[in-house]
Structure formats: structure tokens, C-alpha cells
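Notes to accompany the following structure.
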Amino acid sequence: MTKGTRNKRMQNRPSGFANPWFQLGFGVVCVLVYELLQKRGASETANLSQVWSWTGITALVSPLIWLAMALMIVSLLSWLYVLRYIPLSIAFPLSRVVDVLIPLSCWLILGENISSRRWCGIALVVVGLLLTARPVAQLEEKL
Amino acid sequence: MRWPVFFLIPIALIAFVAGQLFLKHAMESSAVRGFRDAQVILFLGCGILSMTIHFFVTLGLLGHLDLSYVYPFQGLSVIIISLAAAVVLKEKLSFRLTLGALLISAGIMLVSMS
């Protein structure tokens, strides 16, 4: 795939909901929500059966888990759509913003603790994301 | 630590990186050739197969090791995918993007180690 074709496709990219940058963010939100739903659903159903609990099958009783699975599929489709337009070396690092959002949500919503080492990791990821996002902003200005 | 772990961790990582590269190549080609093209279907299939291998190898590893031991290795995927995209898919990788990917990888490794 030549650079010219790639740039041309980015110039003609759809807008609104179909905009690839919007889809990248939408996919990240889907992953974040399904991880939290999975945790909630798995915790709620962990003690339903002593024999089957280790397999995770008992979690299927929870509607939260079914919602999580639906969001998992949506996030995969959204990711495939993103790959059609955005270079992998930009889209993949940016998609890892979820590794910052998950511990922060667990801290805010589920009341889990964040160690000082984890805070340092979160800070490193944020700086890395800012470095990656800057060329994207410049690229968008040019288009 | 048992010896299969030394093989399974890199296998999971390689399968994930290869899966993303296959999917990216398939989706780029699909924009030009459409989804009925044999090459697009082949690359899409290889991508899904690689991601499935990654999924099951990771599940197997998690059965024997703590998440805080397995997940930091997944953090490495950010820098490896960025470099592989530059080499295999001929994407332009600036110094700033490389540094960004390195920091994200290091950050994920710190976040996931408890």
C-alpha cells in the first residue's frame, strides 16, 4: 500500500460516527465498559457453583456478561474499521489508552487501590500517548 | 519456573503481533480490492487464526502464572507492533512515535506489575 493511497483515503475519510478517529475512541470506550462489566459479572456469579466456578461458565448467568460479550464484538468490528484508515503504528499505541482508563475506573468506580508504582506507570503511558497524539493533530491540520 | 513458559510467553506475543499485522494488511487491501478478494480473505483468516492462538496460549499461561507476571509481557507488544509496522507494512515511524511507543510499553509494564 503506497503512502499516496493511504493519504488519499484519509482525506476522503467518512465524517461523524463513521470517522476513524471517533471509532478509535468508541472502541476504547467499548473495551473499558466490557472489562468493567466482566469484572462485576464474574464477581457476582463466582460463588454460584463450587464445581464450575473455576471455568468461568457460571458467569454466563449474569446479563452483564452477555452485554460485555456484545461490546467485545462491537469493539473488534470498530478496531477492524479503524485499521482500514489509520496506520497501525499510530492506532495501536493510542488504543492502549485503555490501560490507563481501566485502573483509573477501578479506582473511581470499584474502589480498588492504585500503588505508587502503578501511578508512575500511568504517568509514563500518558506522556507516551501525548507524544503519539501530537503528530496526529499536525497530520489532521494538514488535511 | 517450568521450561514451557519460556516458549509460551514469546509465542503468545508473536501471535498477537502477527495477528495485528495480518488484520491491518487485510483491512488496507479490502479498501482497494473489496472483501471478496481471495488475498483479503486469506490475510483476514490468518489474522483471526493468530489472534485465536494468542488467546488460547494466554489462557493456558494464566492458568499457571499470575496475571501480574503475564500481562507486563503484553505491554511489550506496543513497541514491537510499531517497529513491525514500520518494517513489514512500510509505515513511517518518526523518532517521536518510537519514543511514544517505548514510554507506553514501559508504562503498561509498570501498571500491570503489582
Side-chain angles (χ1 to χ4, degrees), chain A residues 1-3 5-10 12-13 20 54-56 76 79-104 106 112-136 138-139, chain B residues 16-17 19-33 35 40 43-44 47-48 51 59 62-63 68 71-72 74-75 77-114:
Chain A
M1 194 67 50
T2 64
K3 200 181 156 197
T5 349
R6 238 179 234 153
N7 284 348
K8 201 172 177 186
R9 194 159 349 112
M10 270 312 276
N12 299 329
R13 69 193 187 282
W54 62 275
T55 60
L76 175 70
W79 177 244
L80 288 178
Y81 181 80
V82 165
L83 288 182
R84 201 167 182 177
Y85 294 92
I86 305 176
L88 189 61
S89 53
I90 292 178
F92 189 74
L94 287 181
S95 73
R96 296 331 294 164
V97 68
V98 82
D99 286 309
V100 169
L101 296 178
I102 288 176
L104 286 179
C106 290
E112 292 178 7
N113 279 329
I114 298 184
S115 64
S116 49
R117 187 196 277 186
R118 212 161 256 185
W119 278 119
C120 291
I122 290 172
L124 274 183
V125 176
V126 170
V127 176
L129 287 169
L130 290 174
L131 279 174
T132 311
R134 184 108 185 256
V136 173
Q138 286 167 349
L139 188 80
Chain B
F16 185 70
V17 173
Q20 291 292 347
L21 292 175
F22 279 130
L23 291 179
K24 171 67 181 164
H25 189 75
M27 292 313 290
E28 280 224 332
S29 304
S30 76
V32 182
R33 299 159 180 251
F35 279 103
V40 172
F43 277 106
L44 211 53
I48 293 168
M51 297 306 275
L59 267 188
L62 285 175
S68 58
Y71 202 80
Q74 301 293 322
S77 64
V78 179
I79 183 66
I80 298 176
I81 282 177
S82 297
L83 295 175
V87 176
V88 182
L89 304 172
K90 312 279 179 244
E91 287 185 6
K92 194 172 166 261
L93 193 62
S94 64
F95 173 72
R96 185 189 280 267
L97 276 179
T98 315
L99 187 63
L102 260 177
L103 288 176
I104 295 170
S105 270
I108 294 173
M109 290 176 86
L110 270 181
V111 168
S112 50
M113 282 189 283
S114 56

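Given the structure is predicted, the values throughout are model-derived calculations rather than measurements. In what follows, chains are A, B, ... by sequence order, proteins preceding strands, each numbered from 1.
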Residue part contacting chain A, namely of Leu23(B), when any heavy atom lies under 4.5 Å:
both
How long is the gap from CG on Leu83(A) to OG on Ser30(B), to the nearest 0.5 Å?
9.5 Å
Taking side chain to side chain donor-acceptor pair (under 3.5 Å) as the test, write out the residues that go with Tyr71(B), two or more places apart.
Arg96(A), Asp99(A)
State, yes or no, whether a side-chain contact exists between Gln20(B) and Trp79(A) at a heavy-atom distance under 4.5 Å.
yes
To the nearest 0.5 Å, atom OG of Ser94(B) lies from atom CD1 of Ile90(A) at 8.0 Å
Between Arg117(A) and Leu110(B), which heavy-atom pair has the shortest distance, and what is it?
CG-CD2, 3.5 Å
For a side chain to side chain contact (heavy atoms under 4.5 Å, CB included) with Leu124(A), tell me which candidate from Leu102(B), Val111(B), Leu103(B), Ile104(B) qualifies.
Leu103(B)
Which distance, rounded to the nearest 0.5 Å, do you find between the CE of Met27(B) and the CD1 of Ile86(A)?
12.0 Å
In chain order, what residues pass the ring-ring contact (aromatic ring centres under 6.0 Å, His included) check against Phe43(B), with sequence neighbours excluded?
Phe22(B), His25(B)
Identify which part of Ser105(B) has an atom lying under 4.5 Å from any heavy atom of chain A, answering side chain, backbone, both or neither.
neither
How far apart are the closest heavy atoms of Ala31(B) and Arg84(A), and which atoms are they?
CA-NH2, 3.3 Å
Can you name the nearest heavy-atom pair linking Leu93(B) to Ser89(A), along with the distance?
CD1-CB, 3.9 Å
Can you name the closest pair of heavy atoms from Leu88(A) and Lys24(B) and give their distance?
N-CE, 3.8 Å
Nearest-0.5 Å distance that lies between atom CD1 in Ile122(A) and atom CD1 in Ile108(B)
11.5 Å
Taking every non-hydrogen atom, the tightest pair across Arg118(A) and Met113(B)
NH2-O, 4.3 Å
